[in-house]
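Here the structure is laid out as structure tokens; the discussion comes afterwards.
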Amino acid sequence: MGVLSEGLTHVLILVASLVGIGFALLQWFLVSKVRVSVESGNGYSDRLIGEEEEGVDNLDVSLKCAEIQNAISVGATSFLYTEYRYLCIFMGVFGAIIFLFLGSVQGFSTKSEPCTYSKGNLCKPALANAIFSTIAFLLGALTSVLSGFLGMKIATYANARTTLQARKGVGKAFITAFRSGAVMGFLLSANGLLVLYVSINLFKLYYGDDWEGLYESITGYGLGGSSMALFGRVGGGIYTKAADVGADLVGKVERNIPEDDPRNPAVIADNVGDNVGDIAGMGSDLFGSYAESSCAALFVASISQFGVVHDYTAMSYPLIISAMGIVVCLITTLFATDLFEIKNVSEIEPSLKRQLVISTILMTAGIAMVSFLALPSEFTLYDFGTDKLVKNWHLFFCVSIGLWAGLVIGFTTEYYTSNAYSPVQDVADSCRTGAATNVIFGLALGYKSVIIPIFSIAIAIYVSFSMAAMYGIAMAALGMLSTISTGLAIDAYGPISDNAGGIAEMAGMSHKIRERTDALDAAGNTTAAIGKGFAIGSAALVSLALFGAFVSRAGIKAVDVLTPKVFIGLIVGAMLPYWFSAMTMKSVGSAALKMVEEVRRQFNTIPGLMEGRAKPDYTNCVKISTDASLREMIPPGALVMLTPLIAGTFFGVETLAGVLAGSLVSGVQH
């Protein structure tokens with residue numbers, strides 16, 4: 001037994017979750033002190049309150065800002081509401097499929113049956129497992145949706161406030177944008193942990209001592225989170241890219257007007273896209289990985305010594321790591337918002353990178369503390385039918401190597417995407433000879449950027465598997481995501497700053513303000529790439545952990561590549577990411593085509609639009625992006641969800657193992 005008692009474990013997890021939510025609400029309150037709104041229904045009106053600009057009608061600019069912010073917020077909210085209506089239908093249908101598949105294993109039996117792993121013990125019936133897995137799936141899906149929606153709300157709430165604060169200096173604007181990102185980061189991690197913790201304890205009322213059944217049904221939570229993430233990412237991604245391409249091709253290239261110029265009909269859709277794709281989509285995506293890694297670790301632990309002897313504290317090790325992560329990220333956030341003040345533009349990017357380094361160093365100490373307090377000094381873990389003897393310091397290394405691999409991936413991504421380093425400068429230099437060489441250099445850079453992250457992931461897998469089998473890999477994934485609050489704060493900061501720059505341009509603010517918001521945006525673009533690096537790295541580790549859980553559960557002793565059934569699965573699986581990418585890219589292309597045609601039509605048919613005497617029809621462009629993304633997200637989503645079901649049902653578990661392994665290896669590089 002570890003030093004930490006069961007009661008204290010409950011308190012720690014619960015308090016950390018509530019502190020995370022409280023801290024997020026505090027940040028929201030601090031952002032809300034910057035007031036911006038138009039005339040409200042009760043007759044009272046706030047105005048943008050900021051420093052006066054010379055030669056600019058302050059009130060007029062203020063009202064314009066509030067109006068633009070409202071348009072972006074309405075566009076993003078209406079898109080997500082429509083998307084979530086589609087997803088509710090999907091949740092119902094897929095929930096029913098899960099129930100039927102799991103329930104039919106024993107013919108919807110209501111009798112207790114022998115446990116799969118705890119030999120000699122009786123476990124709860126298949127029907128109960130089906131019901132609770134479906135409930136967990138729906139809970140995971142709802143939490144994922146909520147995470148994305150809340151992130152979008154705070155982002156659209158903070159964009160104009162960041163623009164306003166840019167009048168007072170780049171430091172004030174940075175703090176507003178970063179605090180808003182922190183709201184999303186802390187709400188997501190704390191909500192995810194709290195819902196998982198409460199679900200486990202409510203399910204336990206029925207399952208009692210059957211921990212194997214309890215934690216197997218909880219895996220539905222991770223599936224729900226990642227299912228919603230898939231559609232959120234695809235739908236939001238198609239929306240944002242279609243609007244971006246449409247706005248830039250006609251506005252910047254054909255009409256030679258600045259980015260985010262209010263005369264461009266697609267400019268509101270472009271800014272809405274930043275929120276629904278890069279904020280709501282990324283939020284759901286990281287929540288999916290977070291939930292999957294927690295559930296994979298919990299399930300492996302439940303069929304190991306922790307589950308057999310009912311050691312609740314050791315069993316909850318993944319949850320305690322997440323709770324420690326919230327506390328560490330809270331301290332780290334104070335470094336950016338309260339302890340160090342940004343005085344000029346050159347300090348923005350170093351400040352964001354410092355967040356990653358500080359959170360990683362503090363979290364390493366936190367992991368050591370949790371590993372030695374929560375775990376027994378020696379114990380056994382399930383390892384494909386045998387028991388592997390593990391010490392608590394082994395798990396410290398597993399989680400830590402995941403954490404540090406995440407940092408390496410983050411900094412490598414930053415190196416390949418920041419204009420401060422040679423890779424991006426080489427791509428920029430290649431533009432001198434035209435678009436063709438630029439595309440060639442860009443593709444080469446993309447392929448080359450894979451090398452270091454793949455080696456980092458490979459080392460993390462080797463070390464964690466050698467030390468603690470599949471549990472080690474799941475914990476390495478959770479280690480990478482343990483500082484998710486800070487990672488998401490940095491990630492959400494980018495689109496908020498991008499929107500702030502757009503609002504400054506559309507409201508006709510001075511060149512000086514636009515320079516400040518551009519500097520915030522440039523740093524944000526790089527840090528958004530770091531967030532995507534974390535998402536991909538953790539997804540690779542989580543996928544491997546889940547693949548291990550599948551192989552164990554399906555009773556496959558070894559996946560033999562020389563078996564024809566497995567090999568055909570491998571090559572088909574390796575093809576799937578290409579098929580998926582082809583579908584999404586074609587969707588973006590066709591949606592962008594419609595957007596370009598609409599923007600051209602408006603420039604050609606609305607008299608006085610180019611001269612600034614007439615207003616464009618923004619809503620039509622928002623509608624084009626919304627309709628296209630919702631229509632086009634279904635086929636790629638169906639491909640991902642149905643392939644394993646079809647492969648497993650018609651070709652057996654060996655072929656399915658090949659499909660999963662092939663798509664995992666190919667998808668990570670992709």
Side-chain angles (χ1 to χ4, degrees), residues 170-171 173-174 177-178 181 241 244 248 259 274 278 282 332 335-336 340 342-361 403-460 480 483 486-498 501 515-538 540 668-670:
V170 74
F174 170 80
F178 190 79
K241 291 305 157 205
D244 206 357
D248 287 353
E259 189 171 2
D274 291 334
D278 294 339
M282 177 57 92
T332 309
F335 278 92
F340 291 108
I342 287 180
K343 299 214 168 45
N344 58 46
V345 165
S346 62
E347 294 173 18
I348 298 169
E349 205 168 310
S351 176
L352 292 169
K353 281 157 71 176
R354 194 162 54 227
Q355 284 284 295
L356 287 174
V357 176
I358 293 168
S359 62
T360 303
I361 292 168
L403 177 67
W404 284 91
L407 188 70
V408 170
I409 292 169
F411 276 111
T412 307
T413 314
E414 193 248 352
Y415 172 71
Y416 281 103
T417 55
S418 172
N419 59 8
Y421 303 108
S422 60
V424 172
Q425 290 164 2
D426 290 346
V427 175
D429 188 53
S430 69
C431 295
R432 287 185 294 116
T433 49
T437 46
N438 176 238
V439 170
I440 293 164
F441 263 82
L443 273 171
L445 175 68
Y447 292 146
K448 195 177 171 188
S449 68
V450 172
I451 300 167
I452 297 172
I454 290 298
F455 276 115
S456 303
I457 293 168
I459 292 165
M480 200 176 278
T483 53
T486 296
L488 259 176
I490 292 170
D491 201 58
Y493 156 88
I496 292 167
S497 302
D498 193 355
E515 272 184 349
R516 287 173 187 166
T517 54
D518 278 351
L520 292 167
D521 183 22
N525 286 337
T526 301
T527 54
I530 292 173
K532 290 180 178 72
F534 268 97
I536 293 161
S538 58
V668 176
Q669 328 287 331
H670 217 62

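Sequence positions, counted from 1, serve as the residue numbers for this chain. The model shown is predicted, which means the values in this text are computed figures rather than measured ones.
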With sequence neighbours excluded, what pairs up with Phe174 under the ring pair (Phe, Tyr, Trp, His ring centres under 6.0 Å) test?
Phe178, Tyr493
Measure up the Phe340 and Phe335 rings against each other and bin them: parallel (under 30°), tilted (30 to 60°), perpendicular (over 60°).
parallel
Is a side-chain N or O of [X] found less than 3.5 angstrom from the main chain of [Y], in a donor-acceptor match?
X      : Y      : value
Thr360 : Leu356 : yes
Ser538 : Met480 : no
Glu414 : Gly410 : no
Gln355 : Thr486 : no

Which atoms form the tightest heavy-atom contact between [X] and [Y], and what is the distance?
X      : Y      : answer
Ala492 : Gly181 : CB-CA, 3.8 Å
Pro423 : Leu445 : CB-CD1, 3.2 Å
Val345 : Ala519 : CG1-CB, 3.2 Å
Ser418 : Glu349 : OG-OE2, 3.3 Å
Glu347 : Ile342 : OE1-CA, 3.4 Å

Given the rule in the side-chain contact (heavy atoms from CB on, under 4.5 Å) test, do Lys353 and Phe411 qualify, once you have shown the distances and angles that lead to the verdict?
CA-CA 8 Å; Lys353 281 157 71 176; Phe411 276 111; 3.6 Å; yes
Kindly indicate, with the supporting measurements, whether the criterion side-chain hydrogen bond (donor to acceptor under 3.5 Å, both in side chains) is fulfilled by Thr413 and Thr417.
CA-CA 6 Å; Thr413 314; Thr417 55; over 6 Å; no
Please name all residues satisfying side chain to side chain donor-acceptor pair (under 3.5 Å) with Asn344, sequence neighbours left out, ordered by chain then number.
Ser346
Mind checking side chain to side chain donor-acceptor pair (under 3.5 Å) for Asn419 and listing every partner two or more places apart, or none if nothing turns up?
none
To the nearest 0.5 Å, tell me how far Asp278 CG sits from Ile496 CD1.
11.0 Å
Phe441, CZ atom: more than 12 neighbouring heavy atoms under 6.0 Å:
no
